[in-house]
Amino acid sequence: MDADVIVVGAGLAGLVATGELVDAGRKVLLVDQENANNLGGQAFWSFGGLFFVDSPEQRRLGIEDSYELALQDWMGTAGFDREVDDRWPRKWAQAYVEFATGEKHAWLKQRGLKIFPMVNWAERGGYDAAGHGNSVPRFHITWGTGPALVEIFARKVREGVERGLVTLKHRHQVDDLVITDGAVTGVRGTVLEPTDAARGVASSRTAVGEFEFAAGAVIVTSGGIGGNFELVKKNWPARLGAPPKRMLTGVPAHVDGRMLEITENAGGHIVNRDRMWHYTEGITNFDPVWPNHGIRILPGPSSLWLDATGARLPVPLFPGFDTLGTLEHITRTGHDHTWFMLDQKIIEKEFSLSGSEQNPDLTGRNIGLLLQRIRSGAPGPVDAFMRRGVDFVVRDNLADLVAGMNELTPETPLDYETVRAVVESRDREMTNKYTKDLQVVAMRAARAYKPDRIARIASPHRILDPKAGPLVAVKLHLLTRKTLGGLETDLSSRVLRADGSVFEGLYAAGEVAGFGGGGVHGYRSLEGTFLGGCIFSGRAAGRAAAR
């Protein structure tokens, strides 16, 4: 054999699995179609959000959380309703919430994880207690964001290289799994021409050779389909309406979904392939890294959200409350874009941008830069988009703002009187401390959480108040991101066949396995759960393959 175990994919799940194998003294071939600059894959670009339950950070902020509450939230969010295809996802969900409540925090801290002390509140839901959403803040930001999280596990891989246990095979694209007597015993594929392309940049697929490697087991950790729009459209669920004609891309082009089909053709079983997680607050990157590169706005709850015709989105589709519900509503309007309407006061406090490169203060662990977030003026990256982003309109009055919006979307012009009526009706609700507008209720309730009041949510005010100006409108696009279904696996990350039997020698972890079981999130995500899913399933795969 060339190794004890072959790991296909050098993203976060692959690094975690490789680290577990190194700890067990196993020899590993880590194979990836990209160059060494892309170690860590998609996780490097992430905000570094992690889902913890009853963490020290939560307790310091007075947040009372528990396994029971988190599991209630997870199950209400997932909406598992498939007797067969959800059998393993249900088990993975319970196991992951147990992990997030128990050893996850200490296990990661022991490996060097540092967490920013302000816990964020993502996916707030807005339905009843048993429905979708986080009942309490649980989104913990890695101090150093995605790169710092990747480094924790890349360090272990480099240690394995130094010990002679790990061999890295970059620019090796797997095309087939090798099967001997019904068990996976290796991989074969194409050697791609060398490249010094920067991280995330689309790379050449020119072949310069072939390879075949043998091992006792293979772990597939190749990611999802978010960079392959054709595959996204092919798997698009009918329940979400027609697939959008245009979406921005939130992940590098190498997130192509190839290994899903390759593994399925070899005999692995894919479940829940129609479940996916795409964002509704995408903006065009004025300085793109990969093709069609979009950035997600992480919004506070105060912006008015209008559809392409100028109608306000229905309750509870407020910014940051229900991503999938909002996606379904937007696609059924027949348009691919929506609008945020806000002002300078709101954008200064409530606009954050997802991604390590859009948060130089957190990524660079720069306290001085971080303090600028609580001073007047928009954060540097947000201000850059206001000045250079093609989706931003900034004007001193509403008539000019609407005119500027119509310049961006001449095919679907907005009626000024319609927009004015929506804005003014909302503004009238700000006069008193009581209101019938549930978005205003949500804004005020959210400010009861001290970190939100200090650094995240603007004090309630009229959007048309001249003191809060200028006015801002942002054209929002749908943004591809995560694959929620995938290869069906048991709790040891062993890939299963369609009849439920174990596919000997084959394991899967991370997004290619729906972050565990073929769909641990069900239909929706609580956020902060993607990186943790890579870690949890990668750890399970590495430990099981080592055994």
Side-chain angles (χ1 to χ4, degrees), residues 3-24 26 28-32 39-43 46 50-51 88-89 91-93 95-96 99-100 104 107-108 149-150 152-154 156-157 166 174 177 184 187 215-226 255 257-260 262-264 266 268-272 482-496 502-521 529-547:
D4 295 319
V5 180
I6 296 169
V7 177
V8 181
L12 180 59
L15 297 182
V16 173
T18 301
E20 293 297 315
L21 290 161
V22 169
D23 283 343
R26 302 292 184 258
V28 185
L29 268 177
L30 181 53
V31 179
D32 194 275
L39 196 72
Q42 188 178 337
S46 75
L50 291 168
F51 176 92
W88 285 107
K91 295 177 181 179
W92 271 92
Y96 181 67
F99 178 60
K104 179 182 177 183
W107 188 79
L108 287 171
L149 188 63
V150 167
I152 289 172
F153 298 100
K156 175 64 70 173
V157 172
V166 176
V174 173
L177 298 175
V184 175
V187 297
V218 172
I219 304 175
V220 178
T221 61
S222 54
I225 67 174
V255 186
R258 289 182 72 255
M259 282 305 299
L260 279 163
I262 290 168
T263 308
E264 184 178 36
H269 188 218
I270 296 176
V271 294
N272 303 313
K482 297 294 193 302
T483 312
L484 297 190
L487 293 168
E488 188 177 26
T489 59
D490 65 12
L491 288 177
S492 294
S493 288
R494 298 183 298 179
V495 174
L496 305 179
V502 172
F503 196 164
E504 294 295 336
L506 185 62
Y507 301 78
E511 197 172 347
V512 75
F515 302 89
V520 66
H521 299 96
T529 54
F530 298 128
L531 296 175
C534 288
I535 292 168
F536 186 53
S537 61
R539 189 179 84 149
R543 291 181 176 185
R547 291 194 294 269

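Side-chain atoms of L506 and L487, non-hydrogen and from C-beta on, never get closer than 4.5 Å to each other. Residues F153 and L12 are in side-chain contact: their nearest non-hydrogen atoms beyond the backbone lie under 4.5 Å apart. Annotation: side chain of V22 is in contact with side chain of V166 (closest heavy-atom distance under 4.5 Å). For the pair W88/V271, no side-chain contact is recorded, criterion being any heavy-atom separation below 4.5 Å from C-beta on. Side-chain contact between M259 and E264 is absent, with no heavy-atom pair separated by less than 4.5 Å.
Counting all heavy atoms, side chain and backbone alike, A95 lies closest to L491 at CB-CD2, 4.3 Å. Summarising the geometry of Y507 relative to V495, their closest heavy-atom pair is C-CG2, 3.6 Å, with the distance given to 0.1 Å. Minimum heavy-atom separation, W92 to S493: CH2-OG, 3.5 Å.
The only option from V157, V150, L15 that meets the side chain to side chain contact (heavy atoms under 4.5 Å, CB included) definition with L39 turns out to be L15. Across I219, V174, V218, a single residue satisfies side chain to side chain contact (heavy atoms under 4.5 Å, CB included) together with I6, and that is V218.
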Side-chain atoms of residues 531-547: list all donor-acceptor pairs with protein atoms under 3.5 Å, sequence neighbours left out, distances to 0.1 Å.
unit_1	atom_1	unit_2	atom_2	d
S537	OG	G510	N	2.8
S537	OG	G533	O	2.7
R539	NH1	E103	OE1	3.3
R539	NH2	E103	OE2	3.0
R543	NE	E20	OE1	2.9

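Side chain of D32 to main chain of A10: a donor-acceptor pair is present (N/O by atom type, distance under 3.5 Å, no hydrogens or angles). T221 places a side-chain N or O within 3.5 Å of a backbone atom of G9 that can act as its donor or acceptor partner.
Both tests do not hold together for K104 against W107: distance to the six-membered ring centre under 6.0 Å, angle to the ring axis within 45°.
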For this session: Could you give me the CA-CA distance, side-chain angles and deciding distance for D4 and V28, then say whether side-chain contact (heavy atoms from CB on, under 4.5 Å) is met?
Result: CA-CA 6 Å; D4 295 319; V28 185; over 6 Å; no
Problem set entry | Derivation of the salt bridge (Lys or Arg N to Asp or Glu O under 4.0 Å) call for D23 and K156 | CA-CA 9 Å; D23 283 343; K156 175 64 70 173; 2.8 Å; yes
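Every residue meeting the side chain to side chain contact (heavy atoms under 4.5 Å, CB included) condition with T483, not counting sequence neighbours, appears here in chain and number order: I225, E511. Annotation: ring pair (Phe, Tyr, Trp, His ring centres under 6.0 Å) contacts of F515 (sequence neighbours excluded): H521, F530.
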